[in-house]
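Below is one structure, written out as structure tokens; comments come after it.
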Amino acid sequence: MWRFAGRRALAAVLVLFAISVMVFLIFFATPGADPAARIAGRNASQETLAQVRASFGFDKPMYMQYGLMMRHLFIDRDLTSFVNRGSQVIPQITQAIPVTLSLVIGAAVIWMVLGIIMGVAATAGRGTAVDPIIMVFGVIGVSLPVYWLGEVVNLITQSRLHDSWFAWVPPLGYAPLSDGVGTWALHLVLPWMTLAVLYAGIYARVLRSEMVGAMNEDYVRMARAKGIGEGRVLIRHALRTSLIVIVSLFGLDFGALIGGAALLTEVVFGLQGVGKLTYDSLQNFDLPVILGCVLYAAFFVVVANFIVDLAYAWLDPRVRHV
Amino acid sequence: MSEPLLEVRNLRVSFRTRTGTVTAVDGISFTVDPGEVVGLVGESGSGKSVSMLTVLRLIDNPNCVIEGEVLFKGNDLLTMSDADLRSIRGREIAMIFQDPMTALTPVYTAGWHISEQIRAHEKVSKKAANDRAIQLLTSVGIPNAESRVNSYPHEFSGGMRQRVVIAMALSCNPSLLIADEPTTALDVTIQAQILELLRDLQSEFGASIVLITHDMGVVSQMANRVMVMYGGRLVEAGSRLDVMREPAHPYTWGLMGSIPPTDGTRAVRLAAIPGAPISPSDSDRDRCLFAPRCTFATDSCRPQPGLIEHRPGHSDACIIPFSERAQRRTEALAPMRART
Ligand SMILES: Nc1ncnc2c1ncn2[C@@H]1O[C@H](COP(=O)(O)OP(=O)(O)OP(=O)(O)O)[C@@H](O)[C@H]1O
Ligand SMILES: [Mg+2]
């Protein structure tokens with residue numbers, strides 16, 4: 001297991017390096033375009049261009065340029081945006097990251113718990129009304145668009161019923177953890193649920209179909225023949241083997257959300273997260289910010305995948321040796 | 001006469017399907033005495049697995065209708081409470097399935113599987129259960145049991161996995177072991193080893209075994225008594241010597257023709273019974289189900305002939321007068337042996 005973790009960590013570092021090289025090549029070595037002009041933004045003056053050239057070393061060889069770039073990003077952390085003149089890129093990103101992480105991790109906890117409970121309950125209730133009812137809730141969750149659901153939630157909690165039932169709901173936006181866990185959670189609880197509804201629906205359905213399949217497996221019949229109780233058969237045998245699929249699905253979804261796919265939720269609830277930042281910088285063609293976002297997003301996606309890989313190996317002994 | 005360990009009375013299992021009712025087991029009755037090995041033979045689809053799964057109520061299909069009685073030590077397993085049944089499953093009656101590759105939950109070690117079973121029935125510590133798992137693995141012939149106890153199913157070969165399953169089945173000293181084609185998924189040499197292991201363990205632990213197989217050869221090596229099933233019914237039952245030397249039912253003659261004789265007259269090709277096995281969805285059941293494939297069938301093969309004990313301990317369900325059987329059998333078996 002430790003060797004597996006070590007190998008995976010090494011692979012993660014290599015992947016990060018490869019991504020940084022690729023991003024660098026795409027942004028700076030695309031033939032036929034002047035990278036300085038792109039970094040400086042639209043309608044840049046001649047002296048801005050010259051400044052950009054000097055600071056990124058565009059007269060130097062490629063590997064030097066790569067090194068300089070990484071230095072600006074990670075060591076000096078002084079990459080500046082030329083579109084929003086003078087604003088530092090890295091602080092923007094380091095402010096956005098906790099917002100996205102808070103949103104996505106909280107939602108992930110909710111959807112995993114809900115999804116697993118719903119999936120197990122539906123499997124246990126096969127042949128009764130429980131199963132189809134839960135599955136219909138799942139479909140409803142999957143088919144509600146997040147921006148619509150978010151707007152409805154806002155409409156109800158921020159205006160229509162804000163003076164009665166939902167007086168406790170704070171105004172839209174993010175409160176950092178340093179304001180206290182309670183304040184932080186209160187600001188995020190509705191975004192969490194909104195984002196979690198979709199995934200809980202998907203996970204419940206996937207888990208149910210996996211578990212129903214597992215319940216027809218020989219090893220479940222064997223477990224019953226051993227005199228194991230139905231609850232234990234369901235949890236320790238059927239759920240345990242079905243979790244493997246859920247965890248690999250989780251790795252994909254979680255990584256994508258951290259990397260910016262939570263954009264719609266962030267926009268609807270006024271959260272300045274990585275998705276929102278990337279979206280804004282794309283709108284202004286703010287290349288340094290885009291670059292920073294891509295690399296930071298890649299970092300978190302790779303780390304999330306590393307953790308998921310470890311969980312996966314812990315769950316499934318068959319992958320530990322590959 | 002001692003009381004039978006297991007007594008099945010008029011067991012009938014049918015499935016409601018979209019195309020009508022399928023009768024998988026059609027009113028079978030038999031007993032298993034303490035310490036005996038009963039071979040249950042028949043072609044694929046004859047209802048062997050379904051009948052034995054029903055004994056432990058392991059068919060969880062809402063469309064399955066079960067009638068009859070299954071008495072184990074005098075108690076009806078079919079009507080007893082789930083909790084009572086659970087304390088019999090695995091402790092009094094253990095089961096081994098055909099495919100060792102899928103019988104173990106892939107994410108747990110061999111030791112975990114065995115301990116789970118022990119701890120389901122006895123209050124023992126994890127450590128004690130693990131020690132017993134090691135002993136059991138040793139007794140089923142797994143080398144280095146101390147380390148293999150921590151191996152996962154995918155780290156064992158098929159034959160070794162079946163040994164793990166057998167160790168698990170024996171872990172609570174059951175008085176009845178139901179082995180559903182325990183060697184079919186294994187290659188020939190491993191088959192022989194597993195059968196030998198079962199035989200050794202049987203003489204050591206003294207459990208009764210119901211051995212399901214479609215291989216007459218396996219039966220002749222293992223069983224004290226043989227039951228032959230066709231189309232969900234028992235067509236012949238008797239001691240191994242009676243059934244092997246003087247099989248009485250034409251279907252059994254067909255099965256006998258499909259094993260290589262060991263008395264020198266080697267058949268080049270093994271005979272198959274002509275015709276297709278009866279489909280369990282066939283609605284015309286008031287007759288001998290084997291009649292359409294039987295060379296000796298006449299109009300009097302209907303209505304269904306009952307299982308009649310022509311000699312003490314040897315019964316069959318055929319209308320051919322018992323006195324003519326020997327001659328008919330020679331006729332039936334001759335062409336099969338002659339093809340040399
Ligand atoms: N769930 C089910 N629904 C409908 N029919 C079924 C079901 N399970 C079993 N049957 C039918 O019951 C019959 C008996 O099946 P069973 O598995 O007992 O045969 P078998 O003698 O064990 O054969 P094999 O040697 O292939 O294992 C089969 O013909 C099958 O079609
Ligand atoms: Mg079978």
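Note that the structure is a prediction, hence the values are computed from the model and not measured. Proteins come first, then strands; the chains are lettered A, B, ... in the order of their sequence lines, and each starts at number 1.
- Using a 4.5 Å cut-off between heavy atoms, B:M101 does not touch chain A at all.
- Residues B:V165 and A:M222 form a side-chain contact, since some pair of their non-hydrogen atoms from C-beta on lies under 4.5 Å apart.
- A:R221 forms a cation-pi arrangement with B:F97, by the criterion of a distance under 6.0 Å to the ring centre and an angle within 45° of the ring axis.
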Item to complete: With side chain to side chain contact (heavy atoms under 4.5 Å, CB included) as the test, would you mind laying out the steps for A:R232 and B:E116 before giving the verdict?
Response: CA-CA 10 Å; A:R232 190 180 161 96; B:E116 182 187 42; 2.9 Å; yes
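- A:H237 and B:H113 have tilted rings, their planes meeting at an angle from 30° to 60° on a 0 to 90° scale.
- Only the side chain of B:D60 comes within less than 4.5 Å of a heavy atom in chain A; its backbone stays farther off.
- Proximity to chain A (any heavy atom under 4.5 Å) is shown, for B:I59, by neither the backbone nor the side chain.
- Other residues, nucleotides and ligands contribute only 12 or fewer heavy atoms inside 6.0 Å of the CZ atom of A:F137.
- With a 4.5 Å cut-off on non-hydrogen atoms, A:L315 touches chain B through its backbone but not through its side chain.
- For a residue to count as touching a neighbouring chain, one of its non-hydrogen atoms must lie under 4.5 Å from one of that chain's; by this rule B:A103 touches chain A with backbone and side chain alike.
- Within a 6.0 Å sphere centred on CH2 of A:W314, other residues, nucleotides and ligands contribute 12 heavy atoms or fewer.
- A heavy-atom distance below 4.5 Å is found between the side chains of B:D99 and A:D218.
- The NZ atom of A:K226 sits 13.0 Å away from the CZ atom of B:R89 when rounded to the nearest 0.5 Å.
- A donor-acceptor pair is defined here as one N or O able to donate and one able to accept, closer than 3.5 Å; no such pair exists between the side chain of B:Y152 and the backbone of A:D316.
- Counting heavy-atom pairs closer than 4.5 Å to chain A, the top-ranked of the candidates B:S171, B:P106, B:A169 is B:P106.
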Item to complete: Applying side chain to side chain contact (heavy atoms under 4.5 Å, CB included), run through B:V107 and A:L243 and close with a yes or a no.
Response: CA-CA 11 Å; B:V107 298; A:L243 272 186; over 6 Å; no
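- Comparing B:Q98, B:R86, B:R91 by heavy-atom pairs within less than 4.5 Å of chain A, the highest count is held by B:R86.
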